[in-house]
There are 2 protein chains.
Amino acid sequence: MFDQFRKYLDDKTNLSEEDFQLIESVSITKKLRKHQFLLAEGEVCSFNAFVCEGLLRKYSVDDKGIDRTVYFATENWWIADRKSLMEGTPSKYFIEAVENSTALLISKANFEMICERIAPFKDMVNLILQRSLNATHDRINNTFQSTAEEKYKHFLRSFPNLANRAPRHMVASYLGITPETLSRVRKDISTK
Amino acid sequence: MFDQFRKYLDDKTNLSEEDFQLIESVSITKKLRKHQFLLAEGEVCSFNAFVCEGLLRKYSVDDKGIDRTVYFATENWWIADRKSLMEGTPSKYFIEAVENSTALLISKANFEMICERIAPFKDMVNLILQRSLNATHDRINNTFQSTAEEKYKHFLRSFPNLANRAPRHMVASYLGITPETLSRVRKDISTK
DNA sequence: AAAAACGCTTGATAAATATCAAGAGGATCA
DNA sequence: TGATCCTCTTGATATTTATCAAGCGTTTTT
């Protein structure tokens, strides 16, 4: 399972054999069955997770009991509740396996230790943060004042492989529209 | 003008006198009149800007010529087009002074140099990045599937001092609603 | 000081989306 | 295998929001 992570790291940065061994020594393999939670609301998030296979999603539940999907993570993506992790506060989010999945978990303390000891790793992490911020701004920019159809098209462009893996109602909640509206949008697009 | 930045840095991190002098030596004071652009669409963003006083906003213009405000920055906030800065690509955004403002500009090369030479500065930058990402996720979480009224209330909570400084149409475009709807929402709220 | 431009509000109407309700097809489970 | 649960779709209606249009102060310009 670590092989995949190693390949990822090899691609993104330049580490020594020693570095890899250190990272492997603190990476915990976690298998998740569909519907299983990696994090539940109210818990303090204590890890960063790297997704090796499968699909996870992060969502909150509002006053009316409605899901709000904030994020999807597939192979080679990171997932965590950074705010809870940074501040040690209870999370407002659930992180749930949408498919049977495998992730590598690195605890907060170990993650910081690695960043401290392996400068290129730290740089990589910060680069990912920047990219993530850019992507999030892009998402806001492309969906805030758009119609349901435009939002969905942008989603398809951004995550072409996700549209068929994630259930519609999750995609709908990611886009901030109802499943019914998404269904109609899909119909409209297909009949053009 | 650098005093304010110095105070900010003193608050956020721990720098030596030498560090301050290095940072000051690469900080360029820029005065902006209301409506003046700090960055225009199509230009490559070449700096990070720290706002000393005034109010700036970052926005794009869509196909139909409609503004999409992505970000406001007041005193002690940073602003730039990170994507353009990182990748050296033409920006899709305008950065404009909403009020007469003063900012400190640090060029890309100098910013990287500072990060390289002053480790605590680099750490501070990365912490800000993380916070920024958290805030952006929070924004998505609180406005994507909300009504106009909920969006505006969340805005008031997040930026209590901005609601009266920024023109309504900019706030509206930040929230992804029309100025008319914002006007009605404000009326509804005030008559309760 | 008058004219023009701008920002905001309000009203009437149109369009988009949500809500409520029902049903069809597949997967899952006993 | 049949029953149940999920997921998705579709229809009818209600609600929200956008659009179009007009008017009123304020600020800016000349």
Side-chain angles (χ1 to χ4, degrees), chain A residues 33-36 54-55 57 59 61-69 72 94 96-100 142-156 162-192, chain B residues 32-36 54-55 57 59 61-69 72 96-100 142-156 162-192:
Chain A
R33 296 223 53 196
K34 193 174 173 174
H35 297 139
Q36 192 179 344
L55 173 60
R57 75 162 176 147
Y59 68 98
V61 178
D62 73 9
D63 311 331
K64 297 163 202 150
I66 296 169
D67 282 16
R68 299 179 159 183
T69 301
F72 287 109
F94 295 89
E96 179 200 25
V98 177
E99 304 170 350
N100 292 337
N142 281 288
T143 58
F144 251 47
Q145 36 263 84
S146 301
T147 62
E149 183 168 333
E150 286 166 345
K151 288 184 196 178
Y152 183 61
K153 281 182 176 167
H154 181 253
F155 177 80
L156 287 179
L162 238 65
N164 292 321
R165 283 172 75 177
R168 305 266 189 287
H169 70 91
M170 293 183 191
V171 176
S173 91
Y174 182 85
L175 298 176
I177 60 179
T178 58
E180 293 93 331
T181 297
L182 178 56
S183 187
R184 288 183 241 270
V185 164
R186 286 172 56 82
K187 191 184 169 192
D188 283 358
I189 290 176
S190 70
T191 58
K192 274 180 191 167
Chain B
L32 291 160
R33 296 221 55 198
K34 193 173 173 175
H35 297 138
Q36 191 180 341
L55 173 60
R57 75 161 175 146
Y59 68 98
V61 178
D62 74 8
D63 310 332
K64 298 163 200 147
I66 296 168
D67 281 17
R68 299 179 160 185
T69 301
F72 288 109
E96 180 200 24
V98 177
E99 306 171 349
N100 292 336
N142 281 286
T143 58
F144 251 48
Q145 37 263 84
S146 302
T147 63
E149 184 169 331
E150 286 166 343
K151 288 184 197 179
Y152 183 61
K153 282 182 175 169
H154 181 253
F155 178 79
L156 287 179
L162 238 65
N164 292 319
R165 283 172 76 178
R168 305 266 189 293
H169 71 92
M170 292 183 191
V171 175
S173 91
Y174 181 84
L175 298 176
I177 60 179
T178 58
E180 292 94 330
T181 297
L182 178 56
S183 187
R184 290 181 179 108
V185 164
R186 287 172 54 82
K187 190 183 169 191
D188 284 358
I189 290 176
S190 69
T191 59
K192 274 179 190 164

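Naming: A, B, ... by sequence-line order, numbering from 1 per chain.
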- Look at B:E180 together with B:R184 and state whether they make a salt bridge at an N to O cut-off of under 4.0 Å. no

Between NZ of B:K151 and P of D:dT16 the distance, given in whole Å, is 14 Å

With a non-hydrogen cut-off below 4.0 angstrom, is B:L182 in contact with a base, only sugar-phosphate, or nothing?
nothing

Here the distance between atom P of C:dA5 and atom NE2 of B:H169, to the nearest Å, is 17 Å

Original post:
Can a donor-acceptor pair under 3.5 Å be found between the side-chain atoms of A:R186 and the base atoms of D:dT10?
Top reply: no

Does A:T178 make a side-chain N or O approach to OP1 or OP2 of C:dT17 shorter than 4.0 Å?
no

key: Side-chain donor or acceptor of B:D67 paired with backbone N/O of B:V61 under 3.5 Å   = no

When rounded to whole Å, the NZ to P distance for the pair A:K187 and C:dA24 reads 16 Å

Whole-Å distance, A:I189 CD1 to D:dT9 C1', equals 16 Å

From CD1 of A:I177 across to P of D:dT15 the rounded distance in Å is 21 Å

For A:A97, is there any backbone N or O sitting under 3.5 Å from a side-chain donor or acceptor partner on A:R33?
no

Does B:R168 place a side-chain N or O at less than 4.0 Å from the phosphate oxygens OP1/OP2 of C:dC8? yes

Do side-chain atoms of B:S173 reach the backbone of B:T69 as a donor and acceptor pair under 3.5 angstrom? yes

Taken to the nearest whole Å, CD/A:E149 to P/C:dT17 is 9 Å

Whole-Å distance, A:H35 NE2 to D:dC5 P, equals 15 Å

Considering only heavy side-chain atoms of A:R184, the closest of D:dT17, D:dG11, C:dT17 is D:dG11

B:R165 CZ to C:dG7 P, in whole Å, measures 17 Å

The answer to which of A:E180 and A:S146 contacts DNA chain C further toward the 5' end, by nearest nucleotide, is A:S146

Of A:P179 and B:K34, the one whose nearest nucleotide on DNA chain D sits closer to the 5' end is A:P179

inquiry  = Can you classify the ring geometry of B:F72 versus B:Y174 as parallel (below 30°), tilted (30 to 60°) or perpendicular (above 60°)?
reply    = tilted

Note to self: Looking at B:T181, I'd like to know whether one of its side-chain N or O atoms comes within less than 4.0 Å of OP1 or OP2 on D:dA18.
What the structure shows: yes

